[in-house]
Amino acid sequence: MIDIKDLRADPDKYVRAAADKAMAVDVPAIVELDRQVRDAQQSLQDLRTEQNAASKAIARLQGLDKQAAIAQMAELKTRVKAVSDTLAELEPRLHDQLLLVVQPAAPEVPIGKDESESVELRSVGEIPSFDFEPKDHMQLGEALGIIDMPRGVKLAGARNYVLKGAGVLLHQAVLRLGQEMIIRRGFTPMAVPVLVREQVMYGTGYFPTGRDQAYLAERDGLSLVGTAEVPLTALHSDEILDEAELPKKYCAMSACFRREAGAAGKDAYGLYRIHFFEKVEQVVVCRNDEAASVSYQQEILANAEALVQALNLPYRVVNVCTGDLGQGAVQKFDIETWMPSRNSYGETHSASRFHEFQARRLNLRYRDAEGKVQFCHTLNNTVVASPRILIPILELHQNADGSVTVPQALRPYMNGMERLTMDSH
RNA sequence: GGAGAGGUGGCUGAGUGGCCGAAAGCGACGGUUUGCUAAACCGUUAUAUGGGAUCAAACCCGUAUCGCGAGUUCGAAUCUCGCCCUCUCCGCCA
């Protein structure tokens, strides 16, 4: 949600924001609707003032005078009803429209229509070349007996998988490594609901626009989250925090569910784009300050880079262009990790800052040093998401004999296991 | 799932049709007193929004908000209906 006052003051800014992000929002229509709502509010307020004054007078009258005064109120009452009916129709419409308005991207975000126009900031680590014919993660996983795709599909349909034996250990090892690293860096671990109220989905900006990406438990009015960002960011919704307790730094390991509607046929192979996965997520809630947001975004980006480096994986950092930014993000840095089977970098992390966008929708505020209540800023980034991260781990650390070397950093979480081999499960 | 109780300001809690944006207490903040602290005393202490004033605030006037929504009424925290949520007991259960 953006600030309606700002929309009134500078509608063109929001027209441009929508164009840059290639989203359809009829800003002039919203401005006009807002004007109608405000007119109606003003007349309703005037009528109420009149009505309240008259009621107070009536309270002091007696007998015939009182009866006469009450009789005179009938007409006023009709007018109040008419105006409030109009308002009751207009206000929800305005509210629905405001949920669609696009948060402008920061000036340092490249303008572009899709990921091809995002800008690489740096690349870290060497892209290896193999002196044997490398296998992809599915070939490796099936041969090692740690990934079973057909049975995943049997149980739950396309884009589902089963991990087995050492595959499970590897999967859990990256998550545990991620969780420990992020806790060491000052984030408080949380265990949060992954089936949440719709309000929480709207509040974090995933609804209404991304509604068809979510699994719904309609009977109960709940939605499965696609990321722990949702419950973590909404944790303090409808609260007024003290500035002294900011920033809030939280992390959570959670199950993540994504319908991948509209992605039919895209990334259909392997563990890349799947309906269910697990992820350690980091969320920051900070004071309303651009510089603070920018610096926390660097911090959460660095946290994720440290993890990818610990796994010995080559990656690059991308300044995501406007066309690939979500509705609410001000700026987003993706970490893309090298995936030999794709012969390209694939997104494994996504660090976004939102300014007030989510905080306004969530009514997430704090009281500043002067006692003024302000909306917080929110940010989030992946720490690690698995099994997607298993793609580069398996493919980059494979050996000529089909075994896979376990990165040093994961061994403590795998009973010291150094290699995945045919009989390691 | 069955039965019952209840949702009022930062918290506790009073308030069954107008004098109620709401008693009282606690907490917090400011002040007086004091060698310092404590105590005592005095004062302040919700949010949103429209308008006025202002360089901007302070400030002034209005409107809305006592779980949410609808209704009755000239007038609703208070009466009616629907919904949501919480708690207690019983049942079931990881």
Side-chain angles (χ1 to χ4, degrees), chain A residues 1-9 30-99 191-203 207 216-224 231 234-246 248 254-255 288 356-357 359-376:
Chain A
M1 184 85 73
I2 49 81
D3 183 356
I4 181 112
K5 287 184 200 156
D6 197 49
L7 183 77
R8 278 172 207 143
I30 295 172
V31 171
E32 169 58 19
L33 186 56
D34 170 55
R35 197 192 54 76
Q36 290 176 19
V37 167
R38 291 212 292 162
D39 285 352
Q41 280 170 342
Q42 188 59 57
S43 29
L44 183 62
Q45 185 182 315
D46 292 345
L47 290 170
R48 286 258 159 82
T49 307
E50 206 178 319
Q51 195 175 41
N52 288 346
S55 288
K56 273 198 178 127
I58 286 171
R60 289 190 299 268
L61 295 175
Q62 292 295 326
L64 284 179
D65 285 348
K66 188 168 194 161
Q67 293 312 312
I70 288 174
Q72 280 183 354
M73 295 295 282
E75 191 255 354
L76 189 56
K77 200 183 175 185
T78 319
R79 280 158 62 203
V80 168
K81 173 99 174 100
V83 179
S84 64
D85 282 353
T86 306
L87 208 49
E89 192 263 327
L90 292 178
E91 272 185 325
R93 262 171 57 199
L94 178 61
H95 179 76
D96 288 350
Q97 289 300 303
L98 284 175
L99 288 175
V192 287
V194 294
L195 191 56
V196 301
R197 297 179 194 280
E198 295 225 334
Q199 204 49 49
V200 173
M201 298 299 283
Y202 278 99
F207 283 9
L216 304 178
E218 283 181 300
R219 184 167 63 172
D220 300 295
L222 299 171
S223 306
L224 283 168
L235 191 72
H236 295 292
S237 57
D238 291 318
E239 294 181 25
I240 300 176
L241 303 168
D242 285 332
E243 181 165 2
E245 49 182 325
L246 298 178
K248 294 280 192 187
S254 86
N288 193 314
E356 306 172 2
F357 184 81
R360 280 184 179 276
R361 290 175 167 237
L362 290 165
N363 198 26
L364 165 55
R365 297 168 296 169
Y366 70 99
R367 201 178 300 277
D368 69 17
E370 279 96 59
K372 213 174 135 219
V373 175
Q374 302 215 46
F375 288 106
C376 301

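Worth saying up front: this structure is predicted, and the values here are computed from it rather than measured. Residue numbering restarts at 1 for every chain, and letters A, B, ... go by the order of the sequence lines.
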Novice: State the pairing partner of rG62(B); accept Watson-Crick or G-U wobble contacts with both distances under 3.5 Å, and report none otherwise.
Specialist: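 Pairing partner: rU49(B).
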
Novice: Would you mind reading off the distance between K77(A) atom NZ and rA76(B) atom C1', rounded to a whole angstrom?
Specialist: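 Distance check: K77(A) NZ to rA76(B) C1' gives 12 Å.
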
Novice: Does rG21(B) pair with anything, Watson-Crick or G-U wobble, both distances under 3.5 Å, and if so, with which nucleotide?
Specialist: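 WC or wobble partner does not exist here.
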
Novice: Among rU73(B), rA64(B), rU47(B), which nucleotide has an atom closest to any side-chain atom of R365(A)?
Specialist: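 Nucleotide nearest to R365(A)'s side chain: rU47(B).
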
Novice: Any side-chain N or O of K56(A) under 4.0 Å from OP1/OP2 of rC74(B)?
Specialist: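 No, because none of the side-chain N or O atoms of K56(A) sits under 4.0 Å from OP1 or OP2 of rC74(B).
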
Novice: In whole Å, measure the gap between the P atoms of rG6(B) and rA58(B) for me.
Specialist: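 The answer is 42 Å between these two P atoms.
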
Novice: Measure from CD on E245(A) to P on rG10(B) and round the result to the nearest Å.
Specialist: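 Rounded to whole Å, this separation is 15 Å.
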
Novice: Using purine N1 to pyrimidine N3 plus N6-O4 or O6-N4 for Watson-Crick, or N1-O2 and O6-N3 for G-U wobble, each under 3.5 Å, what pairs with rG1(B)?
Specialist: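 Matched rG1(B) with rC90(B) under the 3.5 Å cut-off.
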
Novice: Specify the separation, in whole Å, of atom CG of D39(A) and atom P of rU63(B).
Specialist: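 From D39(A) CG to rU63(B) P: 20 Å.
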
Novice: Using whole Å, report how far CD of Q36(A) lies from P of rG50(B).
Specialist: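 From Q36(A) CD to rG50(B) P: 18 Å.
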
Novice: In whole Å, I'd like the distance from the CD atom of E91(A) to the C1' atom of rA48(B).
Specialist: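 Taking atom C1' of rA48(B) as the reference, CD of E91(A) is at 12 Å.
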
Novice: If you define the side chain from C-beta out and look only at heavy atoms, does anything of C376(A) sit under 4.5 Å from E356(A)?
Specialist: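 They are not in contact (no side-chain heavy atoms under 4.5 Å apart), so the answer is no.
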
Novice: How close or far is atom C1' of rA48(B) from atom CG of N363(A), stated in whole angstroms?
Specialist: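 Rounded to the whole Å, the gap is 10 Å.
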
Novice: Between rC42(B) and rA5(B), how far apart are the two C1' atoms, rounded to whole Å?
Specialist: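 Per the computed distance, 42 Å lies between those C1' atoms.
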
Novice: Determine the contact category for Q51(A): base if any of its heavy atoms lies under 4.0 Å from a base atom, sugar-phosphate if only primed atoms, P, OP1 or OP2 are that close, otherwise nothing.
Specialist: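 Sugar-phosphate, no base atom in range.
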
Novice: Could you give the distance separating rG4(B) and rG82(B) at their P atoms, to the nearest angstrom?
Specialist: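 These two P atoms come out 15 Å apart once rounded.
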
Novice: Indicate yes or no: at least one non-hydrogen side-chain atom of Q374(A) is less than 4.5 angstrom from one of R365(A).
Specialist: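 The answer is no; the side chains never approach within 4.5 Å.
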
Novice: Got a sec: does the CD of Q199(A) have more than 12 other heavy atoms crowding it under 6.0 Å?
Specialist: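 At most 12 heavy atoms, drawn from other residues, nucleotides or ligands, come within 6.0 Å of this atom.
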
Novice: Would you say a side-chain N or O of N52(A) is under 4.0 Å from OP1 or OP2 of rU63(B)?
Specialist: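 Yes, because at least one side-chain N or O of N52(A) sits under 4.0 Å from OP1 or OP2 of rU63(B).
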
Novice: Considering only atom P, compute the distance from rA56(B) to rU12(B) and round it to an integer number of Å.
Specialist: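 It comes out at 41 Å once rounded to the nearest Å.
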
Novice: Testing the basics here: between L362(A) and S237(A), what is the closest heavy-atom pair and its distance to 0.1 Å?
Specialist: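 Closest approach of L362(A) to S237(A): O-CB, 3.1 Å.
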
Novice: Assess the side chains of E32(A) and Q36(A): does a donor N or O sit below 3.5 Å from an acceptor N or O?
Specialist: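 Yes.
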
Novice: Can you tell me the Watson-Crick or wobble partner of rA56(B), both distances under 3.5 angstrom?
Specialist: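 Pairing partner, where one exists within any strand: none, as none qualifies.
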
Novice: Just the rounded figure in Å: distance from P of rG50(B) to CZ of R35(A).
Specialist: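 Those two atoms, CZ and P, are 16 Å apart.
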
Novice: With P as the reference atom in both, quote the distance from rC85(B) to rA23(B) in angstrom, rounded to an integer.
Specialist: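 Result for the P pair: 31 Å, nearest Å.
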
Novice: Using the P atoms only, state how far rG7(B) lies from rU78(B), rounded to an integer number of Å.
Specialist: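 Each nucleotide's P atom is 12 Å from the other's.
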
Novice: Side chain of A59(A), heavy atoms from C-beta onward: which of rC74(B), rG18(B), rG62(B) has the nearest atom to it?
Specialist: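 Ranking rC74(B), rG18(B), rG62(B) by closest atom to the A59(A) side chain puts rG18(B) first.
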
Novice: Starting at the 5' end of RNA chain B and moving along, which residue's nearest nucleotide shows up first, A74(A) or A88(A)?
Specialist: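 Its nearest nucleotide lies further toward 5', so the answer is A88(A).
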
Novice: If I pick the P atom on rU47(B) and the same atom on rA22(B), what distance separates them, to the nearest angstrom?
Specialist: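 Taking atom P in both rA22(B) and rU47(B), they lie 15 Å apart.
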
Novice: Mind checking who rC81(B) pairs with, Watson-Crick or G-U wobble, both distances under 3.5 Å?
Specialist: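 Its partner is rG69(B) (Watson-Crick or G-U wobble, both distances under 3.5 Å).
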
Novice: Distance between the C1' atoms of rA38(B) and rU44(B), in whole angstroms?
Specialist: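 It comes out at 22 Å once rounded to the nearest Å.
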
Novice: Using a 6.0 Å cut-off, check whether atom CD of E245(A) has over 12 heavy atoms from anything other than its own residue.
Specialist: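 Atom CD in E245(A) is crowded, with more than 12 foreign heavy atoms closer than 6.0 Å.
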
Novice: Side-chain donor or acceptor of Q45(A) under 3.5 Å from a matching atom on the base of rG62(B)?
Specialist: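 Under the 3.5 Å cut-off, the side chain and the base do form a donor-acceptor pair.
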
Novice: Phosphate oxygens OP1/OP2 of rG75(B): is one of them under 4.0 Å from a side-chain N or O of K66(A)?
Specialist: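 Answer is no, no contact under 4.0 Å.
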
Novice: Whole-Å distance between rU73(B) P and K81(A) NZ?
Specialist: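 In whole Å, rU73(B) P and K81(A) NZ are 12 Å from each other.
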
Novice: Are R35(A) and R38(A) packed together at the side-chain level, in the sense that at least one heavy-atom pair is separated by less than 4.5 angstrom?
Specialist: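 With C-beta onward as the side chain, the pair stays apart.
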
Novice: For rG10(B), which nucleotide is its Watson-Crick or G-U wobble mate, given both distances must be under 3.5 Å?
Specialist: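 For rG10(B), the partner nucleotide comes out as rC26(B), under the 3.5 Å rule.
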
Novice: If we call it a pair only when both distances are under 3.5 Å in a Watson-Crick or G-U wobble match, what pairs with rU37(B)?
Specialist: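 Per the H-bond distance test, none.
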
Novice: For a quick test of reading the model: is some side-chain N or O of Q42(A) closer than 4.0 Å to OP1 or OP2 of rG51(B)?
Specialist: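 For rG51(B), neither OP1 nor OP2 has a side-chain N or O of Q42(A) closer than 4.0 Å.
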
Novice: When you measure from the side chain of I58(A), which nucleotide among rG18(B), rG50(B), rU63(B) comes out closest?
Specialist: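 Side chain of I58(A) sits closest to rG18(B).
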
